[in-house]
Amino acid sequence: MNIVTRVLAFLLLLKGLLSCNPSAEQKKEEAKSMTTFVYDLTQPAETYVLPKELKEISGVAFYAENQLLCVQDEDGEVFVYDLAQQKITESHRFGPRGDYEGIEKIGDEIYVLRSDGALFNFKLGNKETREIETGLPGKNDVEGLTYDFSTKRLWLAVKEASKKAVKDDDKVIFSFDLKSRRVFTERELKAKQFDQVGLKGKNWKDFKPSDIASHPKTGELYLLSSAGHRLVIFSAGGVPLKNIDLDPKLFRQPEGICFNPEGTLYISSEGDGKDGYILKFDPLKEADN
């Protein structure tokens, strides 16, 4: 083997070793790529005070750029709220008066959740509405609705679960397959799982989910509780990551949560005797490690 061949062989070996043992800078970049989005929930980027039609706003969902779908918990009507114009630009009546709690958009189809677990499906401007019975076990008080792209199911967060669904102080998230019309127990939330994020005792008992949202970039689940003013974040695999106390002065009665495709977070609060409103939170820039 001549000297040139030996040098080339050495360089190839060195390249292989470096690729197996990444530098500190490479590790730093990899860690950054796995960093989840974070938000400063004490400093909203915008506050949108809602008109009287949405005083009792109970659910929000992304509709289009600068537009959110809103539902309130007393009447079967959906509203399109334009964030730029700060006004309702469209409305659609889909059903009678009832306790409507969650809303989600999949393609051009809209789904509204009633507290007993029934779903109402329609398209804006189309008079036809389908009522879908989900067949949840027992009698449940259901308030949260989101769509999970990995399972291709609607996920339903339960505020108060039937004893047929959970034991003791456990909580549950169901999922509903729109094609097979089957319901699944997607997440069993057991009290001991949450010790690691400091959610236990009275705080755990007071944690009663009012809405749920799936982060469009990380797949993490954001579970909002108006009772106890709390937000709990899970990994896509269901591991509790964060337990955040929400300031009741800022979040008067937080009932709805959603994201736009870029990861901007919106949380809506009922009026509680005053105007309803939506808070906007932009994702913070990743901090240097």
Side-chain angles (χ1 to χ4, degrees), residues 36-37 57-71 73 78-81 92 94-95 100-124 126 129-136 140 142-159 171-189 209-225 231-238 241 254-268 278 283:
T36 60
F37 281 88
I57 185 171
S58 55
V60 288
F62 175 77
Y63 180 61
E65 185 176 359
N66 285 325
Q67 291 184 326
L68 299 179
L69 288 170
C70 306
V71 67
D73 66 5
V78 163
F79 301 88
V80 176
Y81 183 79
H92 177 96
F94 65 87
Y100 301 103
E101 296 290 348
I103 187 168
E104 186 58 284
K105 176 177 175 284
I106 308 172
D108 59 354
E109 301 278 345
I110 297 171
Y111 294 85
V112 173
L113 173 70
R114 198 169 61 193
S115 61
D116 61 359
L119 293 168
F120 293 79
N121 169 227
F122 53 90
K123 296 179 181 179
L124 285 188
N126 190 324
T129 298
R130 291 189 303 158
E131 183 174 348
I132 304 170
E133 293 297 332
T134 53
L136 301 182
N140 300 274
V142 193
E143 289 207 356
L145 185 68
T146 193
Y147 183 69
D148 180 74
F149 285 92
S150 62
T151 60
K152 295 185 175 162
R153 298 173 187 165
L154 285 168
W155 285 29
L156 294 77
V158 181
K159 180 180 180 180
K171 324 278 183 189
V172 65
I173 299 172
F174 293 111
S175 65
F176 184 73
D177 189 292
L178 292 167
K179 288 186 177 181
S180 67
R181 299 293 178 92
R182 293 176 60 196
V183 66
F184 301 85
T185 299
E186 197 64 45
R187 292 278 187 272
E188 291 183 351
L189 311 179
S210 53
D211 205 1
I212 184 173
S214 178
H215 196 289
K217 293 183 178 290
T218 67
E220 292 171 346
L221 285 176
Y222 283 55
L223 201 55
L224 180 70
S225 176
L231 178 66
V232 174
I233 302 172
F234 302 81
S235 71
L241 299 175
E255 296 282 348
I257 184 170
C258 72
F259 296 93
N260 71 11
E262 289 72 43
T264 299
L265 170 64
Y266 299 93
I267 297 178
S268 64
I278 297 172

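We number each residue from 1, following the sequence as shown.
Under the side chain to side chain contact (heavy atoms under 4.5 Å, CB included) criterion, Ser180 pairs with Asp177, Arg182, sequence neighbours left out. Legend: residues meeting side chain to side chain contact (heavy atoms under 4.5 Å, CB included) with Ser175, ordered by chain and number and at least two apart, are Arg153, Trp155, Phe184, Glu186.
Electrostatic pairing of Arg114 and Glu101 does not count as a salt bridge here, judged by no charged N lying under 4.0 Å from a carboxylate O.
Between the OH atom in Tyr222 and the CZ atom in Phe234 there is a gap of 12.0 Å [rounded to 0.5 Å]. One finds the CG atom of Leu154 at 5.0 Å from the CG atom of Leu145 (value rounded to the nearest 0.5 Å). Once rounded to the nearest 0.5 Å, the distance linking NZ of Lys105 with SG of Cys258 reads 12.0 Å. In this structure, the separation between CG on Leu119 and CD on Glu133 is 9.0 Å, given to the nearest 0.5 Å. From Lys152, atom NZ reaches atom CD1 of Ile106 across 11.5 Å, with rounding to the nearest 0.5 Å.
Note on residues 59-70: no pairs pass salt bridge (Lys or Arg N to Asp or Glu O under 4.0 Å), not counting sequence neighbours.
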Show, in sequence, the C-alpha distance, side-chain angles and deciding distance for Phe176 and Arg181, and conclude whether the side-chain contact (heavy atoms from CB on, under 4.5 Å) test is met.
CA-CA 7 Å; Phe176 184 73; Arg181 299 293 178 92; 3.6 Å; yes

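Screening Ile173, Asp211, Ile233, Leu231 for a side-chain contact (heavy atoms from CB on, under 4.5 Å) involving Leu223 leaves a single residue, Ile173.
Between Phe94 and Tyr100, the ring planes lie perpendicular to each other; the angle is over 60°, past the 30° to 60° tilted range.
Ser214 and Gly219 get closest at one heavy-atom pair: OG-O, 4.1 Å.
Glu188 CD: 12 or fewer foreign heavy atoms inside a 6.0 Å radius.
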